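Below is one structure, written out as structure tokens, with a few remarks after it.
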Protein chains: 4
Amino acid sequence: MINSAFYNLEPKKRQRILDTAAKIIAKQGFHKANVNEIAAAAGISVGALYTYFDAKEDIFEAVFMEAVQVTAEVQRKVVAQNESLRDQLLNLFVEGLMMARRRPSYVEIYLNMMAPGMETFADKFSPELETAGAIIYEALLKKGIHTGELRTDLDIRAVAYVLDNTMLALYGSIPNRFFSIHRSVLLQESPGRLTRVWAEGVARRVLLPLWEGIRAPENKLPNNT
Amino acid sequence: MINSAFYNLEPKKRQRILDTAAKIIAKQGFHKANVNEIAAAAGISVGALYTYFDAKEDIFEAVFMEAVQVTAEVQRKVVAQNESLRDQLLNLFVEGLMMARRRPSYVEIYLNMMAPGMETFADKFSPELETAGAIIYEALLKKGIHTGELRTDLDIRAVAYVLDNTMLALYGSIPNRFFSIHRSVLLQESPGRLTRVWAEGVARRVLLPLWEGIRAPENKLPNNT
Amino acid sequence: MINSAFYNLEPKKRQRILDTAAKIIAKQGFHKANVNEIAAAAGISVGALYTYFDAKEDIFEAVFMEAVQVTAEVQRKVVAQNESLRDQLLNLFVEGLMMARRRPSYVEIYLNMMAPGMETFADKFSPELETAGAIIYEALLKKGIHTGELRTDLDIRAVAYVLDNTMLALYGSIPNRFFSIHRSVLLQESPGRLTRVWAEGVARRVLLPLWEGIRAPENKLPNNT
Amino acid sequence: MINSAFYNLEPKKRQRILDTAAKIIAKQGFHKANVNEIAAAAGISVGALYTYFDAKEDIFEAVFMEAVQVTAEVQRKVVAQNESLRDQLLNLFVEGLMMARRRPSYVEIYLNMMAPGMETFADKFSPELETAGAIIYEALLKKGIHTGELRTDLDIRAVAYVLDNTMLALYGSIPNRFFSIHRSVLLQESPGRLTRVWAEGVARRVLLPLWEGIRAPENKLPNNT
DNA sequence: CATGAATGAGGATTCATTCAT
DNA sequence: CATGAATGAATCCTCATTCAT
């Protein structure tokens, strides 16, 4: 259990604990991560840590829920924008990459959920979490159909699935070695810094082929905007 | 190090060791997996295991290399087929799913590489592995352009990236809880058995939107073949 | 040390603390018992508990002294009765059992003193405590000799020893699992509630053989009064 | 669980582990006793200890079962003797005291079972153990009735109960502080060494009053044999 | 080469006690 | 005096690795 004591902590301290735990779990993975090390790095005692959390698992849960917040914020921000669907999708990529730059550990935490040996967590969190994500994609794409930006015969779920997996891999490529190599090799990128300009470039590259397949035919624009 | 003793083992025994290790690491993840348990389950002594492998890490490496073989076989098989690119891509999905059904543990091993705390392995294996994958995609897609199936203005790498991530998630959804929930929620699937027919259906759903974006314009066919 | 603050507490609160501590120590044993849990269950803060007691050991001592009071009260009550020695001995059993029913935890506390690892406490309390007990038995039995109820050639100490051990086991059988099983198996009792009638029956059964050995010969009565 | 590895140990080593564990648990009590300390004192590693036993509880069980053996041996020995019942009862006391001198720790282990917080163990072992004890007493006393040594109207169970509790306290008085003080104060003993002669004296003192109450009337002998 | 008992450092968790408020 | 959050040494148990047989 995550105890109320944790929520009653002064926000700064609570955030420091979350960030520290996220960083260490992100680096080592849940099972390798060391509780005593987390406490020490967060500048508190193990005892204190265990007044906040009943078990190591609960530390992960708290960190994961923070990761969910961090991700959800990106979605909320983009959904709230009054732009074309295409730009919103691009922004989902770009803002996600920016978020990954700011909070790389939390992206790794997210990735940790899909690791073998994390079934319990996946069972506990994924169903409602993914459902929430699905709803957002659905709303977004339906809107695109209504506004005439998208083809009317789309399999919305399939599109959402492809989009989401691409984002997962792209966000993950910021903090995670595997996804990072995967991306730079497959996209044959020349090494460069993680700037917004770069993010916009990648987003366009990656979205374009799919976009061509889902946009409404009359919407034909020059391929490279 | 993976010692020569391991390669000199009778193939059946070697395979049993790999499969057992794969199964256990797949279930628990590398860091949680227990070497003694692997030895016991494989019907050999820990001592023997340690004459084959210098360290736990090396067991993972051997298992991972087997996972690479398993995956590569799917690609080789599909690439060798003399079919249209579209069917080859569909087959990449379908055969991959079939492979995941046959060897679910090895798919999890693959997923284990992208878990936090596995950087060392990613550094060691990913670069050449991903390069090999990239080459296959490149060849496949270039061929598609030459045969006129694909648009000539494609960003091949980007298409490969999207395709590969989708496959990763789809294959992973067979053994892995997170990806399984992710898929069934996003694709809004009704529960069903993992049959070839089902796999073909999913493959079509998932490939279609992207295919529409990459196929050559004159190639216009009814959406559902 | 048990601080004066504890004795200055309003009696109700003091009693509540003692009873709570007794209950928890009775259930878990001194070493397993948890100070924080005691404080919480008693409705006070650990801090407060530690202003009353300097250490966990002191909590036990306070509780033990209360247990002594509880036991002594039974003895005082029975000794004050103006009955035959035989009835007084029977009453010692019966009233002790009744006391054990009312305050089972305190009987366990008493038992806790004879557990391994409690030497320090035994050294501190047992000598004078047992001496006090011995005096009571001595007075009682001497009186029995004087009134002609008992044989004149008795080894009073030995009789007291046997009596006291039997009482210990009998009282202990109320709250304590071991002694409870021990009693019901050896006495081959059919399960039943702890009523005064039952207590009187057990008391008679258990006292009789010894009574036959210590009563004055001319006192011969039918076995079952 | 007590693993087979433990039973396959060379007897000398196995005994050393049992004796060491018994000694430490006897001194500190189960809950205070330290597993690492036991391992160190036994000259083995914690790891080894945990290949023999799955948990600390199992160490206690093994030690307790040894304690049962030790006690049972005394009973078997005495029961096998072809003596009068009176001498057999005296020998039960004497041999028990001798056993307690030889293996004091195991007597404490036995006492540990009746400590608060040991319910689980009592539940697991006491029922059949006490039943076995009850059978022995029953056989012994029935034989005494048949041979005419004992009164025919005895409540055998009650006699057994009184006898057993007295023995418990007497055996316990060898290693245990509480029972030791209890005995020496109540019996008003002058300090002395634990010799067989002393044991015989105590046995006679303690048995006599009860014996007078249970022996057959025609059996009247001078009080102090 | 194979075995599997043994090792012991490492890690999650507990809890008696303190002390700033 | 009371509070209860914080401390961190202590403890049970695990497991990668070794090595005598």
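Every value quoted in this text rests on a predicted model; they were computed, and no experiment measured them. Letters A, B, ... mirror the listed sequences (proteins, then strands); counts begin at 1.
Taking a pair as Watson-Crick or G-U wobble with both distances under 3.5 Å, the runs of three or more consecutive pairs in DNA chain F are E:2-21 with F:2-21.
The distance between atom CD1 of I17(D) and atom P of dA5(E), rounded to the nearest whole Å, is 13 Å. dT17(F) atom P lies 15 Å from atom CE of M1(B), rounded to whole Å. If you measure from atom CD1 of I59(C) to atom P of dC15(E), you get 14 Å, rounded to the nearest angstrom. L9(A) places its CG atom 11 Å from the C1' atom of dA6(F), with the value rounded to the nearest Å. For the pair N3(D) CG and dA6(E) P, the interatomic distance rounds to 12 Å; values are reported in whole Å. If you take CD1 of I44(B) and P of dT3(E), they are 7 Å apart, rounded to a whole angstrom. Residue L49(D) contributes atom CG, which lies 13 Å from atom C1' of dG8(E) at whole-angstrom precision. Atoms OH (Y7(C)) and P (dC1(F)) sit 15 Å apart, rounded to a whole Å.
Where N8(B) and A48(A) meet DNA chain E, the nucleotide closest to each residue was compared, and N8(B) sits on the side nearer the 5' end. Checking A55(D) against K13(C), the closest nucleotide of DNA chain F that is more toward the 5' end is the one next to K13(C).
Remark: T51(C) is in phosphate contact with dA2(F), judged by side-chain N or O atoms under 4.0 Å from OP1 or OP2. Not one side-chain nitrogen or oxygen of Y50(D) sits closer than 4.0 Å to the OP1 or OP2 atom of dT7(E). The phosphate of dG4(E) has neither OP1 nor OP2 within less than 4.0 Å of any side-chain N or O from S45(B). Note on Y52(C): every side-chain N or O is 4.0 Å or more away from OP1 and OP2 of dC1(F).
Exactly one of T51(C), L49(C), L18(C), D58(C) qualifies for a side chain to side chain contact (heavy atoms under 4.5 Å, CB included) with F6(C). That residue is L18(C). Here the options are I24(D), N112(D), V107(D), I109(D), the test is side chain to side chain contact (heavy atoms under 4.5 Å, CB included), and the partner is P116(C); only N112(D) passes.
Ring-centre distance between Y7(C) and Y52(C): not below the 6.0 Å cut-off. Between F30(C) and F121(C), the gap from one ring centroid to the other is short of 6.0 Å.
Nucleic acid contact class of A5(A) (heavy atoms, under 4.0 Å, all strands): none.
Between Y110(D) and L129(D), some side-chain heavy-atom pair lies under the 4.5 Å cut-off.
Between R103(D) and E66(D), at least one side-chain N (NZ, or NE/NH1/NH2) sits under 4.0 Å from a carboxylate O, which counts as a salt bridge. With salt bridges taken as basic N to acidic carboxylate O contacts below 4.0 Å, one links E61(D) and K124(D).
For residues 19-39 of chain A, proximity to DNA chain E is found at A33(A), N34(A), V35(A), N36(A), defined as any non-hydrogen atom under 4.0 angstrom from a strand atom.
Side-chain atoms of K56(B) lie closest to dA16(F) of the nucleotides dA6(E), dT3(F), dA16(F). Minimum atom distance to the side chain of V46(D) is reached by dC13(F), of the listed dT3(E), dC13(F), dA9(F).
One N or O on the side chain of N34(D) and one on the backbone of N36(D) form a donor-acceptor pair closer than 3.5 Å. In this structure, the side chain of K23(C) does not engage the main chain of I38(C) through any donor-acceptor pair within 3.5 Å.
Annotation for N176(B) and E108(B): closest pair ND2-OE1, 3.1 Å, computed over non-hydrogen atoms.
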